[in-house]
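What follows is a single structure, written as structure tokens, with notes after it.
A, B, ... follow the sequence lines: proteins, then strands. Residue 1 opens every chain. Here the structure is a predicted model, which means the values were calculated and not measured.
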Protein chains: 2
Amino acid sequence: MAKKLSKRQEAMLSYVESFIDQHSYPPTIRDIQRDLEISSTSVVDYNLNALEQRNFIRRNRNISRGIELVGREPVSSNIVRIPIVGQIAAGEPIPVLEDVTVDENTETIELGPEVLGSRREDLFGLRVRGMSMIDALINDGDIVVLRHQETCENGETVAVWLRDEKETTLKKFYFEDDRVRLQPANSQMDPIFCEPENVEIQGKLVTVFRPYA
Amino acid sequence: MAKKLSKRQEAMLSYVESFIDQHSYPPTIRDIQRDLEISSTSVVDYNLNALEQRNFIRRNRNISRGIELVGREPVSSNIVRIPIVGQIAAGEPIPVLEDVTVDENTETIELGPEVLGSRREDLFGLRVRGMSMIDALINDGDIVVLRHQETCENGETVAVWLRDEKETTLKKFYFEDDRVRLQPANSQMDPIFCEPENVEIQGKLVTVFRPYA
DNA sequence: AATTGACACGAACATCTGTTCGCACGTATA
DNA sequence: TATACGTGCGAACAGATGTTCGTGTCAATT
């Protein structure tokens with residue numbers, strides 16, 4: 001069982017890997033045959049079986065492109081690519097997602113599920129400008145990742161737009177009695193109280209990170 | 001362009017997504033047809049084209065399972081899985097990498113190259129314990145990602161072990177004259193000066209992030 | 001009422017693709 | 001030398017799969 005892979009099997013394995021990286025779907029037997037200049041599909045089939053026996057791949061019979069790389073799936077499937085759609089600053093509203101065009105020029109970041117939690121939809125990133133969120137230990141240049149939502153649970157940290165003040169801020173949100181309490185992450189600081197009508201929830205804070213160039 | 005997806009198209013899109021997550025290769029048109037109970041493959045083809053036009057997927061003509069999810073593919077080879085090998089606190093040294101066993105039980109996080117920069121070797125993560133790094137805007141519970149190195153350039157933020165004080169700290173490092181200046185990120189605070197012999201560089205700070213569970 | 005456009009249907013077609021089989025070649029073993 | 005075994009070859013088969021086309025439905029528009 002500890003038998004070494006043949007030259008050809010090694011070549012096939014790394015071919016499959018790079019093919020998947022490149023196309024995001026596995027190759028057919030004939031793809032492998034052609035690109036590795038193997039004379040017959042049956043040779044490919046034979047060596048694929050060998051690779052399966054040694055647990056490098058898994059094959060799904062009678063299914064086209066039914067090759068799976070063992071031990072690879074966890075890495076590739078759960079990564080989320082998050083677009084950085086603008087910036088967040090005290091004095092300006094958060095960009096409206098519908099107005100933002102996300103194309104291949106948009107800066108993005110890739111994050112795994114450990115960082116993001118389970119719900120992976122509606123995520124977007126904003127670059128922090130200014131020191132206005134320093135009380136939440138968020139610095140100029142940091143990147144905050146938000147999940148777009150217009151309501152939230154008590155105690156969640158959310159990005160809110162204060163209509164009257166014309167101001168964006170990141171605070172813990174508490175709805176109590178008839179008013180809203182916005183609590184800075186820094187417990188030394190005093191909360192803000194305001195009318196519910198004045199508060200527009202823009203999204204929930206999912207993660208913050210700071211690249212040290 | 002802002003046209004909404006039809007019910008069927010939404011269903012198809014999310015079916016494709018979960019199929020890929022589950023199998024690690026895309027579905028065929030007939031897979032979609034069968035599982036979504038659509039009467040004809042041409043209907044699937046039609047709606048797949050609609051999805052392509054709106055840039056949710058990319059189709060590769062004439063090849064089986066030639067569906068790619070837009071914004072999902074780049075998720076492949078450039079992701080780095082970083083082990084979280086321990087914790088970092090003021091009063092204890094950083095775990096020595098050689099002593100740490102990284103196995104499948106080790107907690108890890110996956111991050112893309114935008115977050116990590118180009119050099120992707122020798123990275124490891126530590127969970128921050130305590131508030132001792134609050135002056136660097138790093139909170140209890142944050143995760144810091146370091147690159148293991150024992151030297152650094154002036155001005156880089158590094159994790160250092162102070163031999164005499166028996167203390168770990170994250171500071172900007174400056175070698176000047178015959179001494180070392182360790183500058184807190186918070187410019188309000190005073191630097192520490194010490195002998196070069198007293199300073200052991202543990203690694204360079206690459207990124208910090210804070211999951212809001 | 002007529003027209004148009006989006007969407008759906010069903011069947012047929014042409015490849016694409018995995019599988020199988022008989023045969024051959026070399027090396028190690030008996 | 002004979003045998004077994006791992007590996008390679010080429011061809012053929014059968015089913016899987018993407019594509020196309022004529023037709024139909026329905027709601028909005030003219």
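Which of C:dC9, D:dG10, C:dT19 sits closest to the side chain of A:Ser42 comes down to D:dG10. In the set D:dG10, C:dG18, C:dG10, C:dG10 carries the atom at the smallest distance from any side-chain atom of B:Ser39. When the nucleotides C:dT17, D:dT19, D:dC9 are ranked by their closest atom to the side chain of B:Thr41, D:dT19 comes out on top. Nearest to the side chain of B:Asp45, among D:dT20, C:dG18, D:dT7, sits D:dT20.
Using a 4.0 Å cut-off between charged side-chain N and carboxylate O, B:Arg59 and B:Glu52 make no salt bridge. Taking the charged nitrogens against the carboxylate oxygens, A:Glu195 and A:Arg163 have no contact shorter than 4.0 Å, which rules out a salt bridge.
In this model, the phosphate group of D:dG8 is approached by a side-chain N or O of A:Asn47 to a distance below 4.0 Å at OP1 or OP2. Dashed line: the shortest gap from a side-chain N or O of A:Ser40 to OP1 or OP2 of D:dC9 is not under 4.0 Å. Between B:Ser64 and C:dT17, a side-chain N or O to OP1/OP2 separation shorter than 4.0 Å is present. Applying the 4.0 Å criterion to OP1 and OP2 of C:dT17, one finds that A:Arg34 has every side-chain N and O outside that range. Applying the 4.0 Å criterion to OP1 and OP2 of D:dT7, one finds that A:Arg8 has every side-chain N and O outside that range. Between B:Tyr46 and the phosphate of C:dA8, there is no side-chain N or O to OP1/OP2 separation shorter than 4.0 Å.
The distance from atom CD1 of B:Ile29 to atom C1' of C:dT15 is 13 Å, rounded to the nearest whole Å. When the C1' atom of C:dT17 is taken as reference, atom CZ of A:Arg59 falls 11 Å away, rounded to whole Å. As rounded to whole Å, 15 Å separates atom C1' of D:dT19 from atom CG of B:Asn60. We find that CD of B:Glu68 is positioned 14 Å from P of D:dG18, with the value rounded to whole Å.
The aromatic rings of B:His23 and B:Tyr25 sit tilted, their planes meeting at an angle between 30° and 60°.
With hydrogens and angles left out, the side chain of B:Arg30 and the base of D:dG18 share a donor-acceptor pair within 3.5 Å.
Side-chain contact annotation: A:Glu165 with A:Asn198, donor-acceptor N/O pair under 3.5 Å present.
Put simply, the residue from A:Thr157, A:Thr207, A:Leu205 that forms a side chain to side chain contact (heavy atoms under 4.5 Å, CB included) with A:Val144 is A:Leu205.
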